[in-house]
Amino acid sequence: MVMPLALLEKSLDKRISLLLKDSRVLEGKLTGFDDYMNMVLEDTEETTVEQNRRLGTVVLRGNNVVSISTL
Amino acid sequence: MVMPLALLEKSLDKRISLLLKDSRVLEGKLTGFDDYMNMVLEDTEETTVEQNRRLGTVVLRGNNVVSISTL
Amino acid sequence: MVMPLALLEKSLDKRISLLLKDSRVLEGKLTGFDDYMNMVLEDTEETTVEQNRRLGTVVLRGNNVVSISTL
Amino acid sequence: MVMPLALLEKSLDKRISLLLKDSRVLEGKLTGFDDYMNMVLEDTEETTVEQNRRLGTVVLRGNNVVSISTL
Amino acid sequence: MVMPLALLEKSLDKRISLLLKDSRVLEGKLTGFDDYMNMVLEDTEETTVEQNRRLGTVVLRGNNVVSISTL
Amino acid sequence: MVMPLALLEKSLDKRISLLLKDSRVLEGKLTGFDDYMNMVLEDTEETTVEQNRRLGTVVLRGNNVVSISTL
Amino acid sequence: MVMPLALLEKSLDKRISLLLKDSRVLEGKLTGFDDYMNMVLEDTEETTVEQNRRLGTVVLRGNNVVSISTL
């Protein structure tokens, strides 16, 4: 059994892709997280239907996250 | 009586189908979950009205899940 | 006085009908539930305006449930 | 001072009217409730703009309830 | 400093006006409340854009309330 | 470091502007608040795109508040 | 590992950019925050599609925040 937070732990310093509730997708290197799945991403890029944007270092509130994929 | 989390436990390493609040459907092998029904899926495929997509390994936040079907 | 969870207990192994927040209706045999009204249904059928579908065994997150009717 | 749950207690075995968040109105005899305002209604009738429907005995999740009127 | 619940306490047996999340406005005599701002109103009148309605005694779930004005 | 609630404390008896989730803006003198950011405003004025309205003394549920500006 | 709140701590007295759930973007100097990610910003500027506005000192409720970027 792989606990969800254990998979995040294994993904530290790796690039992940996040789907947010507002359907934005963020890609970045996961450098931290807490029990609420708040996350810290570095070298983050945001993808929406209209545009791509570089966001640098980002803190994400876990309650906006739908799913997290390893890349 | 079958507790909901006990049914998830019995579904470990089996393929399940998840309906999310944004009406996406994810199918994958359940490899982990926690008390909030956060889940880890492997070999995940996403189905929307427009497209199918391979997502690989995914962590899902439980509060976006509507229902979970065993396959 | 009939506590809501006591009525669910009395409905075990009987068919119930669930109205979900996304206005889908699920009908199935209630085989389990927990304090959050997460539920396990067997031989589940989903009814929407467009279609009926057989879903088999389903785990339902309680926070998507509006009301539960005994059949 | 009348505590909200005390008013529900006094309404036991009386017919009440519930307004739900999805703007459905349910009328039925209140036979039980808990601290979360989950409720049990008997001889329930649902009223929407389009139709009236008999629902029999219903368990209602409190977080879908907007207001409760005594009849 | 006036704590919000202390102002409700001072408003007991006075008429107040409630704005709900669904933009309905309720006016009635506040006869009770609890820590979650669930409230009991008597001689309640509901005002929407389309109509006014007498509701009598009403229990209101606090999480549907936006603001409370004293009259 | 200025804790958010400490800034509210410093704003007591001063006029503040509140942005609510339903995009109404309320301006009034802050006379109280609690740990949930429920607030008491006096001499409150509401501004929407269509109109301005005097509301007098208002209790606001903190979970409807987006941001609070000092004036 | 960088905990999300630790990154906020490191961003104290620096300018950050906040994306809110209603898609407004706020830029300001972070002068405080608490465990719920409620924040205090100074010299805040709001950017929407239609306009830019100076807001001065602002308290932000954490549950409206989607993401926080360092500038």
Side-chain angles (χ1 to χ4, degrees), chain F residues 1-53 55-71, chain G residues 2-71:
Chain F
M1 168 113 154
V2 188
M3 297 300 279
L5 289 178
L7 186 65
L8 287 190
E9 180 110 38
K10 274 182 46 183
S11 304
L12 274 174
D13 294 317
K14 297 197 180 121
R15 287 188 77 77
I16 61 171
S17 173
L18 294 180
L19 175 66
L20 305 188
K21 281 191 185 164
D22 59 8
S23 45
R24 291 189 306 142
V25 174
L26 296 188
E27 230 183 270
K29 190 173 76 167
L30 181 67
T31 55
F33 63 90
D34 62 22
D35 286 358
Y36 307 104
M37 291 204 195
N38 298 320
M39 280 173 263
V40 180
L41 293 186
E42 280 181 19
D43 301 321
T44 313
E45 280 184 282
E46 179 198 74
T47 318
T48 61
V49 177
E50 297 103 29
Q51 60 171 336
N52 283 27
R53 272 202 312 159
L55 295 177
T57 301
V58 170
V59 175
L60 260 142
R61 298 246 320 163
N63 62 354
N64 297 297
V65 175
V66 177
S67 60
I68 306 153
S69 314
T70 52
L71 293 180
Chain G
V2 188
M3 296 300 279
L5 289 179
L7 186 65
L8 287 191
E9 180 110 39
K10 274 181 47 183
S11 304
L12 274 174
D13 296 316
K14 297 196 180 123
R15 287 189 77 76
I16 61 171
S17 173
L18 294 180
L19 175 67
L20 305 188
K21 280 190 186 164
D22 59 8
S23 46
R24 291 190 305 143
V25 174
L26 296 188
E27 231 184 87
K29 190 173 76 168
L30 180 68
T31 55
F33 62 90
D34 61 22
D35 287 357
Y36 307 104
M37 290 203 196
N38 297 320
M39 281 174 262
V40 181
L41 293 186
E42 281 180 19
D43 301 322
T44 313
E45 280 184 282
E46 179 197 74
T47 318
T48 60
V49 177
E50 298 102 29
Q51 59 171 337
N52 283 28
R53 272 201 311 160
R54 299 193 163 272
L55 295 177
T57 301
V58 170
V59 176
L60 260 143
R61 298 246 319 162
N63 63 353
N64 298 297
V65 175
V66 177
S67 60
I68 305 153
S69 314
T70 53
L71 293 180

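All values below were derived from every heavy atom in this structure, side-chain atoms included, with hydrogens, water molecules and symmetry-related copies excluded. Chain letters run A, B, ... following the sequence lines, proteins first, then strands; residues in each count from 1.
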Could you tell me which residues in residues 27-36 of chain G have at least one non-hydrogen atom under 4.5 Å from a non-hydrogen atom of chain F, sorted by residue number?
-> Thr31(G), Gly32(G), Phe33(G), Asp34(G)

Part of residues 57-65 of chain G lying next to chain F, heavy-atom separation under 4.5 Å = Thr57(G), Val58(G), Val59(G), Leu60(G), Arg61(G), Asn63(G), Asn64(G)

Supply the atom-to-atom distance [X] [atom1] to [Y] [atom2], rounded to the nearest 0.5 angstrom.
X        : Y        : atom1 : atom2 : answer
Met39(G) : Met37(G) : CE    : CE    : 7.0 Å
Leu19(F) : Leu26(F) : CG    : CG    : 9.5 Å
Thr44(G) : Arg15(G) : OG1   : CZ    : 7.5 Å

Salt bridge (Lys or Arg N to Asp or Glu O under 4.0 Å) with Glu9(F): which residues, sequence neighbours excluded?
->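 Partners of Glu9(F) under the salt bridge (Lys or Arg N to Asp or Glu O under 4.0 Å) test: none.
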
Could I get the full list of salt bridge (Lys or Arg N to Asp or Glu O under 4.0 Å) partners for Asp22(F), not counting sequence neighbours?
-> Arg24(F)

Leu18(F) and side chain to side chain contact (heavy atoms under 4.5 Å, CB included): which partner among Leu41(F), Val25(F), Val66(F)?
-> Leu41(F)

[X] vs [Y] side-chain heavy atoms within contact, under 4.5 Å:
X        : Y        : value
Thr70(G) : Lys14(G) : no
Lys10(F) : Val2(F)  : no
Glu46(G) : Ser67(F) : no

Under 4.5 Å from a heavy atom of chain F, the part of Leu20(G) involved | side chain

